[in-house]
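In what follows, every heavy atom counts, from backbone to side chain, and hydrogens, waters and symmetry copies are set aside. To find a chain, count down the sequence lines: A is the first, B the second, and so on, and within it residues start at 1.
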Amino acid sequence: MTATSAPTSAPERGAEPAPAAPGDSAGPARPAGTTETVPAGAPSPEELHGPVVEWFDANARDLPWRRPEAGAWGVMVSEFMLQQTPVSRVLPVYEEWLRRWPRPADLAAESPGEAVRAWGRLGYPRRALRLHGAAAAIAERHGGDVPKDHHHLLALPGVGEYTAAAVASFAYGQRHAVLDTNVRRVFARAVTGSQYPPNATTAAERKLARMLLPEDPGTAARWAAATMELGALVCTARTPRCGTCPIARQCAWQRAGAPEHEGPPRRVQTYAGTDRQVRGKLLAVLRESLAPVPPAVLDQAWRDPVQRLRALNGLLADGLVERLPDGRFRLPGA
DNA sequence: TATTCGTGGGA
DNA sequence: TTCCCAAGAAT
């Protein structure tokens, strides 16, 4: 793989609206376009960059997908696995995947069912299917190399705004706003002064992330990784370790006295008794069986036949399960 | 915009 | 034990 070339995507600049914010002529001067996004008194980008990046240099975890030998494919595999799944559970599966399928074409040559099986219990197995599909698309459309262009990345199955930016940034050193749940929380606290970010990513958050992004691509990539790591290790959701935070003194939330979240409690996803749990039970049976499974075996995975059938049909519709002519079931193409 | 989609570990 | 919630994407 070649080293980082010039960023191919358009720099995330110029999207900020002209100042012209009415009614603030009496207030202190602020940079254009920061109105409504950055509260008065919030730390400037320069106050945050140094401490956060220095902290990262000293405290970054040695994760396999951060090592140079991981390559863009390793970064992409890790990003898929880390979507909603903790690092500790991803580690062993990641190692196994890269050992088995060191290049996208290796995975593409495999059946989708094998990808689902090797996904193990990481959860959300559709990600395995999408990663397999992404590998196939990379093999077919990109000569077997993970594309560098943000636009091409976004076109791959399972790659959304976050993952496209993460791969472009971490694998290729490009300048992109990388907005994951960690970064959103760090910005919400340090800059906006809120304990938690909004439920869904807002335009204001994207704008803020772009404004905080260092100009130099390499520095921007470093900043992206550093803010994520800070959110993962220090500025955690439940009990942040503000005593060890490199920007605790600049933090708007700390300065405001760390006020508790106001408003309606954030919805917690239920799981017990849902279709998701049933799907999980059914798929676990199929994952662990090398031979196709008769319907009677699946019947034992869940009591309620109505819900069981609904879940099975969902799995079939998603392409996670295949029904053979003889009525037995298996992972797709396995 | 709101839902759906797994799983397991820490507090 | 129960309750959160963990590097999102697709619809």
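At a non-hydrogen distance threshold of 4.0 Å, nothing from residues 50-60 of chain A comes into contact with DNA chain C. Contacts with DNA chain C (heavy atom under 4.0 Å) in residues 295-305 of chain A: none are found. A heavy atom lying under 4.0 Å from DNA chain B marks the following residues of residues 270-282 of chain A, by number: A:Tyr271, A:Arg276, A:Arg279, A:Gly280. Looking at residues 86-93 of chain A, you'll see A:Pro86, A:Val87 sit with a heavy atom under 4.0 Å from some atom of DNA chain C. Scanning residues 157-169 of chain A for heavy-atom distances under 4.0 Å to DNA chain C yields A:Pro157, A:Gly158, A:Val159, A:Gly160, A:Glu161, A:Tyr162, A:Thr163.
Remark: the backbone N or O of A:Thr239 is paired with a side-chain donor or acceptor of A:Thr236 at under 3.5 angstrom. Formation of a donor-acceptor pair under 3.5 Å by the A:His132 side chain with backbone atoms of A:Glu114 is not found in this model.
Listed candidates were C:dC5, C:dA7, C:dA9. Nearest to the side chain of A:Arg130 is C:dA9. With C:dA7, B:dG6, C:dG8 as the candidates, the nucleotide lying closest to the side chain of A:Pro125 is B:dG6. Which of C:dC4, C:dA10, C:dG8 sits closest to the side chain of A:Tyr124 comes down to C:dG8.
Nucleic acid contact class of A:Thr85 (heavy atoms, under 4.0 Å, all strands): base. Across all strands shown, A:Leu283 has no heavy atoms under 4.0 Å from either base or sugar-phosphate atoms. Using a 4.0 Å heavy-atom criterion, one finds that A:Arg287 contacts the sugar-phosphate atoms exclusively. Residue A:Ala200 is classed as having no contact, given no heavy-atom separation below 4.0 Å to the nucleic acid. As judged by a 4.0 angstrom heavy-atom cut-off over every strand, A:Trp65 is placed among the base-contacting residues. Base contact: A:Leu63 has a heavy atom under 4.0 Å from a base atom.
The shortest side-chain heavy-atom distance between A:Leu283 and A:Arg279 does not fall under the 4.5 Å cut-off. At least one side-chain heavy atom of A:Pro147 sits under 4.5 Å from a side-chain heavy atom of A:Leu156. Proximity of A:Val191 to A:Leu48: side-chain heavy atoms (C-beta onward) are separated by under 4.5 Å at one or more points. Within the 4.5 Å cutoff, no side-chain heavy atoms of A:Arg121 are placed close to those of A:Val93. For the pair A:Asp106 and A:Arg100, the minimum side-chain heavy-atom distance is 4.5 Å or more. For the pair A:Thr227/A:Phe187, a side-chain contact is recorded, criterion being any heavy-atom separation below 4.5 Å from C-beta on. The shortest side-chain heavy-atom distance between A:Leu282 and A:Val321 does not fall under the 4.5 Å cut-off. Counting heavy atoms from C-beta on, the side chains of A:Tyr124 and A:Gln83 never come closer than 4.5 Å.
Cluster annotation: A:Val183 is not connected to A:Tyr196 through the hydrophobic network of ILVMFWY side chains, with a link wherever side-chain heavy atoms come within less than 4.5 Å. Hydrophobic clustering (side-chain heavy atoms under 4.5 Å, transitive across Ile, Leu, Val, Met, Phe, Trp, Tyr) keeps A:Leu131 apart from A:Leu154.
Interatomic distance, NZ of A:Lys148 versus CG of A:Leu153, reported as 11.5 Å (0.5 Å rounding). Of the inter-residue distances, the one linking A:Ser111 atom OG with A:Arg330 atom CZ reads 8.0 Å to the nearest 0.5 angstrom.
Spacing of P atoms, B:dA2 relative to C:dA7, comes out at 22 Å, to the nearest Å. Nucleotides C:dA9 and B:dG8 are separated by 23 Å at their P atoms, to the nearest Å. Between the P atoms of B:dG6 and C:dC4, the separation comes to 22 Å (whole Å).
OP1 or OP2 of B:dG8 has at least one side-chain nitrogen or oxygen of A:Arg121 nearer than 4.0 Å. Contact check, A:Gln84 against C:dG8: a side-chain N or O comes under 4.0 Å of OP1 or OP2. Between A:Arg185 and the phosphate of C:dA6, there is a side-chain N or O to OP1/OP2 separation shorter than 4.0 Å.
Of the residues listed (A:Arg222, A:His176, A:Glu79, A:Met76), the one engaging A:Phe170 in a side-chain contact (heavy atoms from CB on, under 4.5 Å) is A:Glu79, and it is the only one. Remark: of the listed residues A:Phe80, A:Trp97, A:Tyr94, A:Trp97 is the sole one forming a ring pair (Phe, Tyr, Trp, His ring centres under 6.0 Å) with A:Trp119.
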Checking side chain to side chain contact (heavy atoms under 4.5 Å, CB included) for the pair A:Asp180/A:Met228: CA distance, chi angles, key distance, verdict?
CA-CA 7 Å; A:Asp180 79 321; A:Met228 282 181 65; 3.5 Å; yes
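Relative ring orientation between A:His49 and A:Trp223 is described as perpendicular, the plane-to-plane angle rising above 60° on a 0-90° scale split at 30° and 60°.
Consecutive Watson-Crick or G-U pairs involving DNA chain B, each under 3.5 Å on both distances, make up stems of three or more pairs at B:2-5 with C:8-11, B:7-11 with C:2-6.
Residue order along DNA chain B, read from the 5' end via each residue's closest nucleotide, puts A:Thr201 first among A:Thr201 and A:Leu122.
Side chains of A:Asn313 and A:Arg310: a donor-acceptor N/O pair is absent below 3.5 angstrom, by distance only.
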